[in-house]
Amino acid sequence: QVQLVESGGGLVQAGGSLRLSCAGSGRTYSLYAMGWFRQAPGKEREFVAAISRNGGVTFYADSMKGRFTISRDNAKNTLYLQMNSLKPEDTAVYFCAARNTLYGSRRPADYDYWGQGTQVTVSS
C-alpha cells in the first residue's frame, strides 16, 4: 500500500511557476507508476501527466505539453510537477496518484492510490 501527500500548491500570478511535490510512503514506491490529475470546481477530474516506474517514460495532456514537467526521485519517494507559464485556466486542485504497474495511464480509474490534493490558484 502507498500513502501519498501532495504539497507546493498556492496562489500565483499568470505567467508564474510552481513546483508540486507528492511524497509517498512505503518501500515499494518505486514499483508504482505515477500520475498527476487536476479537478476544477464543477468539472471532471482531468489528466495532467504520467511517469513510469523508473521515470524513463513520461507523457502529458496536450494543453500541458511544453509548460509542465513531471519527474520523480525514487530514492526520496517523491514525485514532482514543475508548472511554468501558468494560466488562470490551470486553477484547480491537483492530485497525485499511483498504480502498481510499469507505465502510467490517462484514466483516473486505472490508479489504485490517491493523495488528498493541493490547491493551485492562478490569478489573471
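Computed from a predicted model, the values in this text were never measured in an experiment.
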> Hey, are Asn84 and Ser17 close enough side-chain-wise for a donor-acceptor pair under 3.5 Å?
Replying inline: yes

>> Looking only at the side chains, is there a donor atom on one of Arg45 and Gln39 sitting less than 3.5 Å from an acceptor on the other?
In response: yes

>> Leu4 vs Met34, test: side chain to side chain contact (heavy atoms under 4.5 Å, CB included). Steps then yes/no.
In response: CA-CA 11 Å; Leu4 304 171; Met34 302 293 294; 3.9 Å; yes

>> A side-chain contact here means heavy atoms from C-beta on lying under 4.5 Å apart; do Tyr113 and Gln3 qualify?
In response: no

>> I'd like to know if Tyr32 and Phe95 are part of one continuous hydrophobic network [Ile/Leu/Val/Met/Phe/Trp/Tyr, side-chain heavy atoms within less than 4.5 Å].
In response: no

>> Between the side chains of Asp90 and Lys87, is the shortest nitrogen-to-carboxylate-oxygen separation below 4.0 Å, so that they form an ion pair?
In response: no

> What closest approach, in Å, do Leu11 and Ser123 show between heavy atoms, and which atom pair accounts for it?
Replying inline: CD1-CB, 4.3 Å

>> With no hydrogens and no angle check, just 3.5 Å: does a side-chain donor-acceptor pair link Tyr111 and Arg99?
In response: no

>> Per the disulfide (SG to SG under 2.5 Å) rule, what does the pair list look like for residues 17-65, sequence neighbours excluded?
In response: Cys22-Cys96

>> Exactly one of Trp36, Tyr80, Phe68 should register a side-chain contact (heavy atoms from CB on, under 4.5 Å) with Leu20. Which one does?
In response: Trp36

> What are the two closest non-hydrogen atoms of Leu31 and Asn100, and how far apart are they?
Replying inline: O-OD1, 3.7 Å

> Is the CD atom of Gln116 crowded by more than 12 outside heavy atoms at less than 6.0 Å?
Replying inline: yes

> Between Val12 and Thr121, does a side chain to side chain contact (heavy atoms under 4.5 Å, CB included) hold up when you go through it step by step?
Replying inline: CA-CA 6 Å; Val12 64; Thr121 303; over 6 Å; no

> Out of curiosity, Ser30 OG to Arg72 CZ, how far, rounded to the nearest 0.5 Å?
Replying inline: 7.5 Å

>> Show the nearest heavy-atom pair for residues Thr78 and Lys76, with the distance to one decimal.
In response: OG1-O, 2.8 Å

> What are the two closest non-hydrogen atoms of Pro88 and Ala14, and how far apart are they?
Replying inline: CD-CB, 4.1 Å

>> Running the 4.5 Å side-chain criterion over Ile, Leu, Val, Met, Phe, Trp and Tyr, what cluster does Tyr103 land in, apart from itself?
In response: Val57, Leu102

>> Tell me whether the NZ or CZ atom of Arg106 lies within the 45° cone about the ring axis of Tyr60 and under 6.0 Å from its centre.
In response: no

> Just by modelled atom types, is the Val2 backbone N or O under 3.5 Å from a matching donor or acceptor in the Asp112 side chain?
Replying inline: no

> Pick one: which of Gln119, Arg38, Glu6 meets side-chain hydrogen bond (donor to acceptor under 3.5 Å, both in side chains) with Tyr94?
Replying inline: Arg38

>> Would Leu81 and Thr69 count as a side chain to side chain contact (heavy atoms under 4.5 Å, CB included) here? Give the steps.
In response: CA-CA 6 Å; Leu81 184 68; Thr69 302; over 6 Å; no

> Applying the 4.5 Å side-chain criterion to the ILVMFWY set and letting contacts propagate, would Val122 and Met64 be lumped into a single cluster?
Replying inline: yes

>> Please say yes or no: joined through hydrophobic side-chain contacts below 4.5 Å, possibly via intermediate residues, are Val93 and Phe47 part of one cluster?
In response: yes

> Does the side chain of Ser105 pick up a donor-acceptor pair with the side chain of Asp110 at under 3.5 Å?
Replying inline: yes

> Run the ring pair (Phe, Tyr, Trp, His ring centres under 6.0 Å) check on Trp114 and Phe37 step by step: do they pass?
Replying inline: CA-CA 10 Å; Trp114 292 83; Phe37 291 80; 5.1 Å; yes

> So, do Thr91 and Val120 sit near enough that their side-chain heavy atoms are less than 4.5 Å apart?
Replying inline: no

>> If the condition is side-chain contact (heavy atoms from CB on, under 4.5 Å), which residues does Ser85 pass it with, not counting sequence neighbours?
In response: Arg67

